[in-house]
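Everything below concerns the one structure shown next.
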Amino acid sequence: MDVLVIGAGVGGLAVARSLLAAGHRVRIFEQAPAPRTGGAGLSIFSNGAAVLHDLGVSLDGVGGRFDRIDALTADGRLRLRSDMAHAATLYGFPNKSVSRRLLLERLSEGLPGDLINYSRGCREVTQDGDGVMATFDDGSTITGDLLIGADGHHSVVRRELWGDVPIRTATFGTWQALSRIDIDLTRTHLHLMITGKEGACGMIPAGDGKLQWWFDVRRSSGEPRPAAPLDELRRRFGRWASPVPELLAQANEDDLDFFGHHWQKVRREWGKGRVTLVGDAAHLMPPTLGQGANQTLEDVWVLGRELAKGGDPAQRLRAYERARYPHVNLVSRLARRSPANWRIPPFIGRMFSETSQSGMLARFSNRLTALSH
């Protein structure tokens with residue numbers, strides 16, 4: 001088939017790898033004028049790493065592996081511990097922090113040089129029983145057999161399918177960065193998640209002397225961002241237990257990026273006819289579970305498997321959406337509740353098994369669930 005993909009992010013590139021390998025023709029259309037090189041770190045859990053392996057993408061030599069997640073109180077007491085090495089051993093794929101830029105580079109390796117058409121913003125999608133047509137900002141059109149909307153938070157393809165679907169602003173926003181921070185944690189395989197009444201702080205070693213780090217702060221819709229965000233973070237979190245003060249002392253405001261938390265109700269079917277969605281275009285959610293990129297990769301894995309079955313393309317797209325719904329809906333509902341910011345009392349946290357996260361990853365995943373069948 002001739003497949004049109006709108007968006008050249010993680011989802012768009014992964015779709016291209018999957019469908020090109022299956023023998024389809026793929027063309028990507030991206031509104032940006034050039035490859036995107038920004039963004040901080042991404043958490044790639046065992047489920048996302050498994051899909052990358054299936055796509056022929058290796059994360060060897062990039063990022064930092066985390067074998068344990070310790071959830072702490074603001075004064076340094078252990079709330080909850082998750083043994084991520086157990087998940088890696090169980091499923092065969094480690095959990096890593098990887099920069100978005102490096103992940104995009106690995107996804108791009110080996111793809112045709114003319115695959116991505118830049119400066120092609122999609123403004124309209126139409127279809128009939130035989131195919132689809134995308135119209136771009138310059139008035140040009142292109143036709144194909146299928147169209148995959150991988151165009152993220154502000155998806156034009158989603159709007160064309162369903163109109164202006166309500167997107168809700170969650171109660172947290174994140175200041176995030178990926179930078180060189182010379183503290184002991186950076187040289188470990190430990191992921192810290194620290195929560196207190198002022199908000200939350202996360203840190204993951206990202207390899208090459210870098211740390212993926214972020215601060216979650218409560219905010220209301222429309223609230224202006226502080227003029228000096230690093231000063232505000234130091235004021236708010238500076239008295240927390242080590243290593244938060246050490247991190248803040250070395251942090252550089254130029255590395256900071258703001259990520260507002262948004263949420264959208266997951267539809268049971270998110271496409272129509274020969275058009276479907278992947279990633280944030282289909283299921284926008286807060287980043288509190290670190291599953292955003294992983295759920296996008298899960299979409300691509302299921303989509304490829306369904307299209308490989310042949311038959312009516314529209315029926316295969318609906319089957320893909322139905323297969324993904326229970327998993328991604330669970331992730332979305334949990335992410336909306338901001339579990340990473342829960343202040344579980346330490347005596348409650350000790351009641352949870354350190355390996356419980358392995359089971360949760362399976363519940364989040366079509367790919368890992370398939371291993372047991």
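As the structure is a prediction and not an experimental result, all values here were calculated from the model. Values below: all heavy atoms of this structure, side chains included; hydrogens, waters and symmetry mates excluded.
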Nearest atoms (heavy-atom pairs only) where [X] meets [Y]:
| X | Y | result |
| --- | --- | --- |
| Leu115 | Ala16 | CD2-CB, 3.8 Å |
| Val51 | Leu297 | CG1-O, 3.3 Å |
| Gly121 | Gln31 | CA-CB, 3.6 Å |
| Val132 | Gln127 | CG1-CB, 3.6 Å |
| Ile204 | Ser43 | CD1-OG, 3.4 Å |
| Arg79 | Leu72 | NE-O, 3.3 Å |

For [X], I'd like to know if atom [atom1] has over 12 heavy atoms of other residues, nucleotides or ligands within 6.0 Å.
| X | atom1 | result |
| --- | --- | --- |
| Tyr325 | OH | yes |
| Asp164 | CG | no |
| His53 | NE2 | no |
| Arg268 | CZ | no |
| Arg180 | CZ | yes |

Hey, is [X] close enough to [Y] for a salt bridge, meaning N to O under 4.0 Å?
| X | Y | value |
| --- | --- | --- |
| Asp70 | Arg68 | yes |
| Arg236 | Glu198 | no |
| Asp299 | Arg324 | yes |
| Asp182 | Arg187 | yes |

Run the side-chain contact (heavy atoms from CB on, under 4.5 Å) check on Leu4 and Phe29 step by step: do they pass? CA-CA 8 Å; Leu4 313 179; Phe29 300 90; 4.1 Å; yes
Aromatic Trp270 / basic Arg158 pairing, under 6.0 angstrom, 45° off normal: no
Decide whether a cation-pi geometry holds between Arg168 and Trp263; the criteria are a distance under 6.0 Å from NZ or CZ to the six-membered ring centre and an angle within 45° of the ring axis. no
I would like to know whether Trp301 and Asp54 meet side-chain hydrogen bond (donor to acceptor under 3.5 Å, both in side chains); could you show each step before the answer? CA-CA 8 Å; Trp301 186 80; Asp54 294 350; 3.0 Å; yes
Are side-chain heavy atoms of [X] and [Y] found at a separation under 4.5 Å?
| X | Y | value |
| --- | --- | --- |
| Met203 | Pro243 | yes |
| Leu256 | Leu233 | yes |
| Ser179 | Trp213 | yes |
| Met133 | Val125 | no |

The test is salt bridge (Lys or Arg N to Asp or Glu O under 4.0 Å); show your working for Arg77 and Asp75 and say whether it passes. CA-CA 6 Å; Arg77 291 173 296 139; Asp75 59 6; 3.2 Å; yes
Indicate, with yes or no, if the rings of Phe172 and Phe259 have centres closer together than 6.0 Å. no
Is the Phe258-Trp175 ring centre distance short of 6.0 angstrom? yes
Under a 3.5 Å cutoff, is there a donor and acceptor pairing between the side chains of Ser358 and His86? yes
Just checking, any donor-acceptor pair under 3.5 angstrom between side chains of Glu321 and Thr276? yes
Donor-acceptor pair, side chain of Arg218 and main chain of Gly199, under 3.5 angstrom: no
Looking at Arg17 and Leu111, would you say the former's side chain and the latter's main chain have a donor-acceptor pair under 3.5 Å? no
side-chain hydrogen bond (donor to acceptor under 3.5 Å, both in side chains) between Ser365 and Glu298, intermediate numbers included: CA-CA 7 Å; Ser365 174; Glu298 293 266 3; 2.5 Å; yes
Could you go step by step and tell me if Leu277 and Ser155 meet the side-chain contact (heavy atoms from CB on, under 4.5 Å) rule? CA-CA 9 Å; Leu277 306 171; Ser155 173; 4.3 Å; yes
Single-linkage hydrophobic cluster, 4.5 Å side-chain cutoff, [X] and [Y] together:
| X | Y | value |
| --- | --- | --- |
| Ile44 | Leu102 | yes |
| Trp162 | Tyr320 | yes |
| Met285 | Phe45 | yes |
| Leu247 | Leu178 | no |
| Leu52 | Val328 | yes |

According to the interplanar angle, ranging from 0 to 90°, do the rings of Trp214 and His191 count as parallel (below 30°), tilted (30 to 60°) or perpendicular (above 60°)? perpendicular
I'd like to know whether Leu307 forms a side-chain contact (heavy atoms from CB on, under 4.5 Å) with Leu146, so could you lay out the CA-CA distance, the side-chain angles of the two residues, the decisive distance to 0.1 Å, and finally the verdict. CA-CA 11 Å; Leu307 290 179; Leu146 296 180; 3.9 Å; yes
Test Lys309 against Glu306 for side-chain contact (heavy atoms from CB on, under 4.5 Å), laying out the working first. CA-CA 5 Å; Lys309 295 176 182 177; Glu306 286 299 331; 3.1 Å; yes
side-chain hydrogen bond (donor to acceptor under 3.5 Å, both in side chains) between Asp83 and Thr355, intermediate numbers included: CA-CA 5 Å; Asp83 181 358; Thr355 61; over 6 Å; no
Contact list for residues 111-120, test side-chain hydrogen bond (donor to acceptor under 3.5 Å, both in side chains), sequence neighbours left out: Arg120-Ser140
Pairs in or reaching into residues 18-42: which pass salt bridge (Lys or Arg N to Asp or Glu O under 4.0 Å), with residues at least two apart or in two chains? Asp2-Arg25, Asp2-Arg27, Glu30-Arg36
